[in-house]
Student: 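Once you've had a glance at the structure underneath, I'll fire off some questions.
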2 protein chains.
Amino acid sequence: MKPKGFIRRTRQREAILEVLRSTKSHPTADWVYQEVRKEMPHVSLGTIYRNLRTLSENGEILELSYGSNHSRFDANSECHYHFICESCGSIEDLEMDCLPELEKKVEKIGDYEVFTHRLEFHGICPDCSREESQSHLN
Amino acid sequence: MKPKGFIRRTRQREAILEVLRSTKSHPTADWVYQEVRKEMPHVSLGTIYRNLRTLSENGEILELSYGSNHSRFDANSECHYHFICESCGSIEDLEMDCLPELEKKVEKIGDYEVFTHRLEFHGICPDCSREESQSHLN
DNA sequence: ATAAATGCAAAGCATTTGCAACCAT
DNA sequence: ATGGTTGCAAATGCTTTGCATTTAT
């Protein structure tokens, strides 16, 4: 979140960004590591972590943290909302307009200076609820 | 989030709940540990963690996870929203009505079954923005 | 030239867990 | 009685870091 000075374009950094942009799955650092390693067998996990941090501090990617476990990352840093499925654990982007008026609402409450907001929904995703209803047929 | 069977009322569990209810500060597990330890020097951190998990799975408290570091907990499990200050790191409850219509919106998009939603705002809190404007006087 | 970035491995640290003893029901 | 719960300590696992070397600018 703190803007950084100049950040270099390194092969590793580019590879990480490319991997992140190639998926809609909000992967973990380790998944990114495994992917990048396919093209670049000697990258280190440390580099992955350092870059994910740098990139998210620069606003190029989003760091999501749900549950107390590992972070997930999203190359889409535009305002959008997530749905977290409590059955399969997937995180998907919702096709839902961004609601900037929410931030205005907060600024009306008091002297808050709002930079961003985050909205997420928890429940059962379409895929899982389909499976659930089918399991009734047994 | 998964409802549990019967959960016993133990001294430790009661103490943890009491500590959580006594503060508005959304403390970490370790802070809870330190507090409970004042009354009960032999509690173990493991017990704190196990209970925080049990309680949040039972919906009696809320587990908040921001950043990739440690979780924070909130004894107020009713629908409410948070403001996270990027300057001082504080997390405060916002005096803002819950917006159940957001969940309806998602259910209209597709076959989502929404249990809860979470909304948080990031920026500078009133205290910090006051300090910032005063520092201009130097 | 030089400051940033990397690889590697060694921490760091929040959280979890195995197990025997304990206690709420 | 008995199965959930605790204390303790060891273990886990994600993430960070120190350092010598490499690399982008």
Side-chain angles (χ1 to χ4, degrees), chain A residues 1-20 26-58 60-74 89 91, chain B residues 1-20 26-58 60-74 89 91:
Chain A
M1 285 303 196
K2 309 149 193 168
K4 268 214 164 178
F6 305 106
I7 90 169
R8 291 184 185 169
R9 322 199 120 250
T10 61
R11 293 189 316 116
Q12 291 83 343
R13 183 121 68 212
E14 296 293 301
I16 290 167
L17 262 176
E18 195 176 325
V19 162
L20 267 178
H26 309 86
T28 61
D30 196 69
W31 189 89
V32 173
Y33 174 52
Q34 303 303 341
E35 286 301 303
V36 173
R37 205 146 69 132
K38 288 178 185 169
E39 300 299 316
M40 208 178 282
H42 284 284
V43 271
S44 78
L45 238 194
T47 296
I48 304 293
Y49 276 105
R50 274 185 292 237
N51 276 302
L52 290 173
R53 178 145 44 124
T54 303
L55 289 167
S56 78
E57 284 177 351
N58 260 59
E60 295 197 50
I61 66 174
L62 232 51
E63 178 173 358
L64 316 170
S65 34
Y66 306 116
S68 53
N69 25 23
H70 29 266
S71 282
R72 289 164 167 277
F73 299 87
D74 190 340
I91 300 178
Chain B
M1 284 308 194
K2 310 149 191 167
K4 268 215 165 177
F6 305 106
I7 89 171
R8 289 186 186 167
R9 324 200 119 248
T10 61
R11 295 189 312 118
Q12 290 84 341
R13 191 162 293 156
E14 296 292 302
I16 290 168
L17 262 177
E18 195 177 325
V19 163
L20 267 178
H26 308 87
T28 61
D30 196 68
W31 189 89
V32 173
Y33 175 51
Q34 302 304 340
E35 286 301 305
V36 172
R37 207 146 67 133
K38 288 177 185 169
E39 299 299 317
M40 208 178 282
H42 284 284
V43 269
S44 78
L45 239 193
T47 296
I48 303 293
Y49 277 105
R50 275 185 292 236
N51 276 303
L52 290 172
R53 179 144 45 121
T54 303
L55 289 167
S56 77
E57 284 176 349
N58 261 58
E60 295 197 48
I61 66 175
L62 231 50
E63 177 173 358
L64 316 170
S65 33
Y66 306 118
S68 52
N69 25 25
H70 27 263
S71 283
R72 288 163 168 279
F73 298 86
D74 189 340
I91 299 177

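Letters A, B, ... are given to chains in the order of the sequence lines, protein chains preceding strands, and every chain is numbered from 1. Since the structure is predicted, the reported quantities are computational estimates derived from the model, not experimental observations.
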Student: Considering only residues two or more places apart or on different chains, which pairs with a residue in residues 28-46 of chain B satisfy salt bridge (charged side-chain N to carboxylate O under 4.0 Å, His left out)?
Tutor: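 Qualifying pairs: B:E35-B:K38.
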
Student: Which whole-number value in Å describes the distance from A:N58 CG to C:dA4 P?
Tutor: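 Rounded to the whole Å, the gap is 14 Å.
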
Student: Choose from D:dT6, C:dT17, C:dT15 the nucleotide whose nearest atom is closest to any side-chain atom of B:N51.
Tutor: D:dT6

Student: With a 4.0 Å cutoff (strictly under), does any side-chain N or O of B:Q12 reach OP1 or OP2 of D:dG7?
Tutor: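 It does, given that an N or O in the side chain of B:Q12 lies less than 4.0 Å from OP1 or OP2 of D:dG7.
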
Student: Taking all non-hydrogen atoms of both residues into account, name the closest pair between B:R8 and B:R13 and its distance.
Tutor: O-NH1, 2.7 Å

Student: Could you state the CZ-P distance from A:F6 to C:dT2, rounded to the nearest angstrom?
Tutor: 17 Å

Student: When you measure from the side chain of B:H70 to the backbone N and O of B:T28, does any donor-acceptor pair fall under 3.5 Å?
Tutor: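 No, the answer is negative, given that no donor and acceptor are paired below the 3.5 Å cut-off.
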
Student: Measuring from A:I16:CD1 to A:L52:CG, what's the distance to the nearest 0.5 Å?
Tutor: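 One finds 5.5 Å between CD1 of A:I16 and CG of A:L52.
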
Student: So if I apply the salt bridge (Lys or Arg N to Asp or Glu O under 4.0 Å) rule between A:R9 and each of A:E60, A:E14, A:E18, which one comes out positive?
Tutor: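 Of the listed residues A:E60, A:E14, A:E18, the salt bridge (Lys or Arg N to Asp or Glu O under 4.0 Å) partner of A:R9 is A:E14.
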
Student: Can you check whether A:N51 reaches A:L17 side chain to side chain, under 4.5 Å on heavy atoms?
Tutor: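 The answer is no, as the side chains (C-beta and beyond) never meet within the 4.5 Å cut-off.
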
Student: Specify the residue among A:G46 and B:Y49 whose closest nucleotide of DNA chain C lies further upstream toward the 5′ end.
Tutor: A:G46

Student: Distance from B:L45 atom CG to B:Y33 atom OH, nearest 0.5 Å?
Tutor: 5.0 Å

Student: A:L45 has an atom CG; how far is it from atom P of C:dA5, in whole Å?
Tutor: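 To the nearest whole Å, that distance equals 18 Å.
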
Student: Would you give a per-nucleotide map of nucleotides 18-25 of chain D, 5' to 3', where B means the base has a protein non-hydrogen atom under 4.0 Å away, S means only the sugar-phosphate does, and - means neither?
Tutor: B----BBS

Student: What distance separates A:T47 OG1 from A:R11 CZ, expressed to the nearest 0.5 Å?
Tutor: 11.0 Å

Student: Please examine the side chains of A:L20 and A:F73, heavy atoms only from C-beta on, and report whether any two atoms are closer than 4.5 Å.
Tutor: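 They are in side-chain contact.
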
Student: Would you mind reading off the distance between B:I48 atom CD1 and D:dT6 atom C1', rounded to a whole angstrom?
Tutor: 11 Å

Student: Using whole Å, report how far CZ of A:R72 lies from P of D:dC14.
Tutor: 12 Å

Student: Between P on D:dT6 and CG on B:L55, what's the gap in Å once rounded to a whole number?
Tutor: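 After rounding, the reported distance stands at 10 Å.
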
Student: Check every atom of C:dA14, D:dT5, D:dT15 against the side chain of B:R13 and return the nucleotide holding the closest atom.
Tutor: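 Looking only at heavy atoms from C-beta outward on B:R13, the closest nucleotide is D:dT5.
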
Student: Check DNA chain D against residues 30-43 of chain A and give the residues with a non-hydrogen atom under 4.0 Å, in numerical order.
Tutor: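 Residues of residues 30-43 of chain A that come under 4.0 Å of DNA chain D do not exist, since none gets that close.
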
Student: Check this one for me: any side-chain N or O of B:R53 less than 4.0 Å away from OP1 or OP2 of D:dT5?
Tutor: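 Result: no.
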
